[in-house]
Protein chains: 2
Amino acid sequence: MAVPSPIPATPAASPLFLREHEVRRGVELLFFGYTRLTRSIDEGLAEHGLGRAHHRALYFIARQPDLTISDLLRILAITKQSLGRVLNDLSARNLVETRSGSADRRQKLLRLTEQGKAFEAQLFEALRTSLATAYAAAGQESVTGFWRVLEGLIPTEDRAMVAALQKDI
Amino acid sequence: MAVPSPIPATPAASPLFLREHEVRRGVELLFFGYTRLTRSIDEGLAEHGLGRAHHRALYFIARQPDLTISDLLRILAITKQSLGRVLNDLSARNLVETRSGSADRRQKLLRLTEQGKAFEAQLFEALRTSLATAYAAAGQESVTGFWRVLEGLIPTEDRAMVAALQKDI
DNA sequence: AAGATACGTCAATATGGCTGTCCCATCTCC
DNA sequence: GGAGATGGGACAGCCATATTGACGTATCTT
């Protein structure tokens, strides 16, 4: 594949990973990259009177239909009360629906409604555009490195959860 | 430097950058990586009764001493009122001090006090540990790719600001 | 002298987290 | 069958962090 010219301002990483400079560069790029990416969907959310917390729930339900509440709590790492409010908002807007589990009827299985799917897909388009542009500008090998470093930032005990999300789509 | 074996769960990026799978992988790793990294400093902040907003200000003042208020506003992209509260908290705890600009006396130049420097350095240690571990596990080339992709996520109009931060340390 | 700029501050509001407590339905295991 | 564990919901109250809009003061620019 044709790799577009890399952004010229990025020199290669030196082997001295512990040097403060390189750590600060990572901290800053993560901060700006993450915050700018999340801002790219705020407008779409505001049209429905929703915030980023709603998007996170929507996103992970889209990603893994029939997720249970406790699965989602583990993923988002927030309290039941905080998530409850968010899910109530999403149900009230007919974006999410629940069924009780077949094996364990105490569980609630979360799914997006057709409306929810359409809305999540619309928000995802903004993310896709941003990330695809960045991927294309950086090139294939950079994307692999991007993933590897981020995986290393996730504590060991959380990695299985992330891998589980990513194995089936 | 000895590079530990890369995390095995990361296959190489395929050339099809636009595939939904690859975009979702990036979104998720960014989410987990960013949130886990920021959580790593919460404990240190809580000891002083401060939050993440305070750390962000502290961080960028450490990074670029004699920053003005409006510089910091541009970097953080929050409102004057929000920043004002944060800076008042930091001043009250003797972590930040201001002088008025020599060329333009309307400006306030922000600096860390000795206490502020020590505290920022303490928080930075947690970031350094997390990032250095991830860098080492991923390897030098991955780190370069990590940076390149993140730079691509920053809107063009903000890139000069980020580059300016990183050029002098 | 007029206007723009840098900064501060007031009041009101929204969002998204938190803790603690209590409840109900259901499953598991003895 | 009964005890206890688990999945989920809900109450009340609190905190941190962001927002808008308006207004004030000092200082710089022209």
Side-chain angles (χ1 to χ4, degrees), chain A residues 31 34-36 38-39 41-43 45-61 66-93 96-111, chain B residues 31 34-36 38-39 41-59 61 66-93 96-111:
Chain A
F31 169 70
Y34 180 78
T35 59
R36 267 52 177 184
T38 58
R39 264 171 210 162
I41 56 168
D42 284 350
E43 204 175 310
L45 285 164
E47 284 170 22
H48 290 247
L50 298 173
R52 289 177 196 171
H54 301 95
H55 176 248
R56 290 195 285 271
L58 220 42
Y59 179 95
F60 286 108
I61 298 170
D66 284 339
L67 205 65
T68 66
I69 301 277
S70 50
D71 286 342
L72 192 48
L73 283 174
R74 263 188 295 277
I75 289 171
L76 298 175
I78 59 176
T79 59
K80 213 173 17 161
Q81 291 70 16
S82 299
L83 180 57
R85 244 177 324 139
V86 168
L87 289 180
N88 286 339
D89 291 345
L90 293 175
S91 297
R93 284 169 177 73
V96 164
E97 63 190 0
T98 63
R99 294 177 301 141
S100 47
S102 48
D104 185 337
R105 287 189 356 229
R106 292 171 305 178
Q107 294 182 329
K108 274 196 175 177
L109 307 183
L110 297 161
R111 274 182 174 279
Chain B
F31 169 69
Y34 181 78
T35 59
R36 266 53 176 183
T38 57
R39 264 171 210 165
I41 56 167
D42 284 350
E43 204 174 313
L45 286 164
E47 284 171 22
H48 290 248
L50 298 173
R52 289 177 196 168
H54 301 94
H55 176 249
R56 290 194 286 272
L58 220 41
Y59 179 95
I61 298 170
D66 284 340
L67 205 65
T68 66
I69 301 275
S70 50
D71 286 342
L72 192 47
L73 283 174
R74 261 187 296 277
I75 288 170
L76 298 176
I78 58 177
T79 58
K80 215 175 11 163
Q81 292 69 17
S82 300
L83 180 58
R85 233 178 332 118
V86 167
L87 289 179
N88 286 339
D89 291 345
L90 293 175
S91 296
R93 283 168 176 74
V96 164
E97 62 190 1
T98 63
R99 295 177 301 144
S100 48
S102 50
D104 184 338
R105 287 193 353 233
R106 292 171 304 177
Q107 295 182 326
K108 274 195 175 178
L109 307 183
L110 297 160
R111 276 184 172 277

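Side chains included, hydrogens not; waters and symmetry mates left out as well; all remaining heavy atoms used. Every chain is numbered from 1 and lettered A, B, ... according to where its sequence line falls, protein lines coming before strand lines.
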K.L.:
Could you tell me whether the side chain of B/R93 reaches within less than 4.5 Å of the side chain of B/L50, counting heavy atoms only?
P.N.:
yes
K.L.:
Hey, which of these two, B/L87 or A/L83, hits DNA chain C nearer its 5' end, going by closest nucleotide?
P.N.:
B/L87
K.L.:
Please report, rounded to the nearest Å, how far the P atom of D/dC28 is from the CD atom of B/Q107.
P.N.:
10 Å
K.L.:
Please report how far the helix from C/dA1-D/dT30 to C/dC30-D/dG1 bends, comparing the axis fitted to its first five pairs with the axis fitted to its last five, to the nearest 10 degrees.
P.N.:
30°
K.L.:
When you compare the side chain of B/I61 with that of B/V96, does any pair of heavy atoms fall below 4.5 Å?
P.N.:
yes
K.L.:
Calculate the interatomic distance between A/L72 atom CG and D/dG7 atom C1'; express it in whole Å.
P.N.:
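Distance check: A/L72 CG to D/dG7 C1' gives 14 Å.
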K.L.:
Looking only at heavy atoms, which two atoms of A/A57 and A/L72 are closest? And how far apart?
P.N.:
CB-CD2, 4.4 Å
K.L.:
Applying salt bridge (charged side-chain N to carboxylate O under 4.0 Å, His left out), can you list everything that pairs with B/R85, at least two apart in sequence or on another chain?
P.N.:
none
K.L.:
Rounding to an integer number of Å, can you tell me how far A/N88 CG sits from D/dG9 P?
P.N.:
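Rounding to the nearest Å, CG of A/N88 and P of D/dG9 are 8 Å apart.
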K.L.:
Partners of B/D66 by salt bridge (charged side-chain N to carboxylate O under 4.0 Å, His left out), sequence neighbours excluded?
P.N.:
B/R99, B/R111
K.L.:
Between the protein and nucleotides 25-29 of chain C, which nitrogen or oxygen pairs come in under 3.5 angstrom?
P.N.:
| from | atom 1 | to | atom 2 | distance (Å) |
| --- | --- | --- | --- | --- |
| C/dT26 | OP1 | A/R105 | NH2 | 3.4 |
| C/dT26 | O2 | A/R106 | NH1 | 3.3 |
| C/dC27 | OP1 | A/R105 | N | 2.9 |

K.L.:
If only side-chain N and O atoms of A/T68 are considered, is one of them under 4.0 Å from the OP1 or OP2 phosphate oxygen of D/dG7?
P.N.:
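Answer is no, no contact under 4.0 Å.
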K.L.:
Provide, to the nearest angstrom, the distance between the CZ atom belonging to B/R99 and the C1' atom belonging to C/dA6.
P.N.:
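Value for this atom pair: 17 Å.
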K.L.:
For residues 74-81 of chain B, run the donor-acceptor check on the side chains, cut-off 3.5 Å, and write out each pair with its distance to 0.1 Å, sequence neighbours left out.
P.N.:
| from | atom 1 | to | atom 2 | distance (Å) |
| --- | --- | --- | --- | --- |
| B/R74 | NH2 | B/D71 | OD1 | 3.1 |
| B/T79 | OG1 | B/S82 | N | 3.4 |
| B/T79 | OG1 | B/S82 | OG | 3.0 |

K.L.:
Would you call the rings of B/Y34 and A/Y34 parallel, tilted or perpendicular, taking 30° and 60° as the class edges?
P.N.:
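Taking A/Y34 first and then B/Y34, their aromatic rings lie parallel (interplane angle under 30°).
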K.L.:
Do the side chains of A/L90 and A/L110 get nearer than 4.5 Å, heavy atoms only?
P.N.:
no
K.L.:
Taking B/L45's backbone N and O only, do any of them form a donor-acceptor pair with B/H48's side chain (distance below 3.5 Å, no angle check)?
P.N.:
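No, B/H48 side chain to B/L45 backbone: no donor-acceptor pair under 3.5 Å.
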K.L.:
If you round to the nearest 0.5 Å, how far is CZ of B/R52 from CG of B/L58?
P.N.:
15.0 Å
K.L.:
Among B/L67, B/I69, B/T68, find the residue that satisfies the side-chain contact (heavy atoms from CB on, under 4.5 Å) test when tested with B/K108.
P.N.:
B/I69
K.L.:
Can you give one letter per nucleotide of nucleotides 15-21 of chain D, 5' to 3': B if a protein heavy atom sits under 4.0 Å from the base, S if only from the sugar-phosphate, - if neither?
P.N.:
--BBBBB
